[in-house]
Each structure stands twice: as C-alpha cells, then as structure tokens.
Amino acid sequence: MKKDTKIARLGRPHAKDRPVAVNPEIVRASTILFPDMDSYDAAGKEKYTTLRYGRHGTQTAFALADAVAELEGGYRAIVMPSGLAAVSASLLAYAKPGTHLLVTDNVYGPTRNLCESYLRPLGVDVEYFAPRTGAEIADLIRPETVAIYCESPGSGTFELQDILAIASVAAPRGIPVMNDNTWATPLLFPSFEKGVDISIHAATKYIVGHSDAMLGLIVCSEATWSTVRNMVGLLGYSTAPDDCYLALRGLRTMGLRLERHQQNALKVARWLEARPEVAAVHYPALESHPDHALWKRDFNGASGLFAFTLKSNDHEAARRFADGLDYFGIGSSWGGFESLITLPHPTRNHEASVDDRVLVRLHVGLEDPDDLIADLAAGLTAQFK
Ligand SMILES: *Cc1c(COP(=O)(O)O)cnc(C)c1O
C-alpha cells in the first residue's frame, strides 16, 4: 500500500460485514467495564493498546496511534497530550542519575530547558553535539551513554543530522536513537528505515494541521516500546479522545497539505534568497543549504517551516517588520494552514548560524504565495532599506 492510500485507510473502521461510519467513534471514558476479573487482569498487561482504563486511552486514541505507527514504520505508538510531553516522557524513560545523554545542539528550546532545568540537576550528564553530526558521534559515546537525541532539521537553524550514520554507530552499542520528527512528519522522513528507535512528534503541528488542538505522539521500535510505555504510565499522562479525533481528521489531508506547504515555502524561500536584505535562508530544500544533499538522500520532501538570517542586526526594526505584516501571524507553534512569523533567539554551544544578526522564522501556510511575498517585500523595504 502506498503512503497516500495508507493515509486514507489507516485508523478507521471498514465495512466488511456491518455498516459503519467512515470515521472512528469518539469514545469518552474513565471507567471501562469488564465481564469478569480474568479479562480485567489480562487487559492490565496491554495498557495503551487495548481498553483498560480511560487514562490509558480508548478506541479513538488507539486508532490514531496505530495509524501513525504504521505510516511511519514503527512497532507501536502512544498518544500524548502535547509534543513536549512526548519529548519529556521519552527522555525520562532513559535518562537516570549517572547516565550520559547526547543531544543535538539545535534541539527545540523547551527540550533544552528540560535537559538544563531538570535532567542535569538530577545528575544526568547532558552533552550537546554539533547539529551537523554523523558517524563522528562515535567519539562522544561513553559506557554510560543511554540515548542519542536528534532533531533533524533542528529548531531555529535547520541543520540536519546524518541519522543513518548516527544509527549505524548507535545500534551495535545498543543505544537508542531518538528523533524529534515534527518538521518532516511520518510522511517526509521514514524514521524506522533510517534507524531511529523512538520517533517523537508534536502532532499539534502538521498532523492536527488546523491550529486547534494540542497533541503529541511517540512512535517506538519493538525494543523500546515497553520502556517508553512504562514511563508514560508512571507519569500519568492522558490524552483527550476529542483531540485524538481532530488529529485523525487532520491526518487524512496531511499529504496534500504538505505538498502545498512545500511548494509555497520553496517559492517564498527562493524569493528571500534573492533579496538584498537577506544573508542566508535556512531551508533544506534549497540547493544553497549546507545539508541539501543529505536532505535529498533521506527525505521525501520539505514542510513549510524555515528561517532566514538578515544582514541587519537591528532587532527593533525586525520587531516592527513582524508587527507590520498582514498575512503572517505572530504566535507560537506552526503546522496549521496559516502563515506565521517569530523572531527566535536560539541557544547554541557549538558554532552555528546564530550570531548577532536578526533570525526570522516563517511558517509558510496555504495562502497564495504571491500575497505572502508581497507582504514580506513591503515589510523588508519599509524596515531595512
Ligand atoms: C512545537 C514543538 C514541540 C512541542 O510540541 P507542543 O505540542 O507544542 O508541546 C516539540 N518539538 C518541536 C520540534 C516543536 O516544534
């Protein structure tokens, strides 16, 4: 079955011998009733994949988790109440006092906060590796290394890790590779083919796709499944079935939306690249991106989020530029149908495309790209000419 067919068919009932609605039911529950003690006890061994108690999910959550796990090529998935919850549960499943954790330097800011404000004080030795790392990760691995955490492309500056090379070093040593795959979704980066063991998604972004729900997903290999599931169980996360329903609904059109996001983002990115005010555009689908060849090798496309560095270091002008735009909303998150702008200030330990100059992050939505370009052109001319 091809990906687009999977997207249309996974995680929903099919009318084999009884009439059914196209979409799965929203099953709201705390208590699930069992016919007898034996079946109740048996369900306790399969939490998060079969009905047991509302906290561990109902049919609506299982439908979404199963659909995404199969789409990405993982063993099983677990639905989480936010993307950050998916990040933290995955890290907490492995990072214990006295362990060593390798984290890419271009990791999502709140993931870095978790590492600095909680894991490090807990006694986890967190080490950030250069965001454009591949097989050289071998030099950083120690006996107490418990996981390698990737985000490719990473937040803010969009460098890629060579995950295939990292996994080829990690797998023989039994070290799980985690990857925040939010930017690419299961459609544009086939995590498990590339050696990822735990794929993390802020489903809030492209899977939900309409800026109207918070959701996370952790997709696991068979070897990592019980460790992750047990940690989620310990922490007590629970995800609303209504939000799972919205995510499944969003998923149905994700392939189509991503195609248009890429088309629009490429047009805007190419236009920005040619502007005199712009120093560099950080979008892996551009030939000028330092990891473009790696992106072509490993990804099936690009989504609509990227950043660019201005030649100017006038941060006040940048704020006026953002304030003056008509079609780019100012706000957190991305992956919805609408265009957004933020002015990130990412933290880096390694040399990277972050300096005193203005960094602008755009989410290019599904509007007509010519309108978006006209909006940006007016703003750049007004503030930076
Ligand atoms: C937004 C985001 C998250 C967190 O997701 P939430 O649903 O907002 O908690 C994690 N990773 C990346 C790369 C993100 O962009």
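As the structure is a computational prediction, the values presented were derived from the model and not from experiment. Just follow the structure's listing: the first ligand is 1, and inside any ligand the first atom is 1.
Annotation: ring-ring contact (aromatic ring centres under 6.0 Å, His included) contacts involving residues 231-280, sequence neighbours excluded, comprise Tyr206-His261, His261-His363. Pairs of residues two or more places apart, or lying in two chains, that qualify as ring-ring contact (aromatic ring centres under 6.0 Å, His included) and include a residue from residues 303-333 are Tyr283-Phe306, His315-His345.
Between Asp4 and Lys2 there is no salt bridge, since no side-chain nitrogen of the basic residue lies less than 4.0 Å from a carboxylate oxygen of the acidic one. Salt-bridge check for Arg76 with Glu70: failed, with every basic side-chain N at 4.0 Å or more from each acidic carboxylate O.
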Check ligand 1 against the protein and report each N/O to N/O distance under 3.5 Å, formatted as atom name, atom name, distance.
from     : atom 1 : to     : atom 2 : distance (Å)
ligand 1 : 7 (O)  : Gly83  : N      : 2.8
ligand 1 : 7 (O)  : Thr204 : OG1    : 2.5
ligand 1 : 9 (O)  : Gly83  : N      : 3.1
ligand 1 : 9 (O)  : Leu84  : N      : 2.8
ligand 1 : 11 (N) : Asp180 : OD2    : 2.6
ligand 1 : 15 (O) : Lys205 : NZ     : 2.7
ligand 1 : 15 (O) : Trp334 : NE1    : 3.2

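Annotation: side-chain contact (heavy atoms from CB on, under 4.5 Å) contacts of Thr133 (sequence neighbours excluded): Phe129, Ala130, Glu136, Ile137.
Atom CE of residue Met178 and atom OG of residue Ser90 lie 6.0 Å apart, to the nearest 0.5 angstrom.
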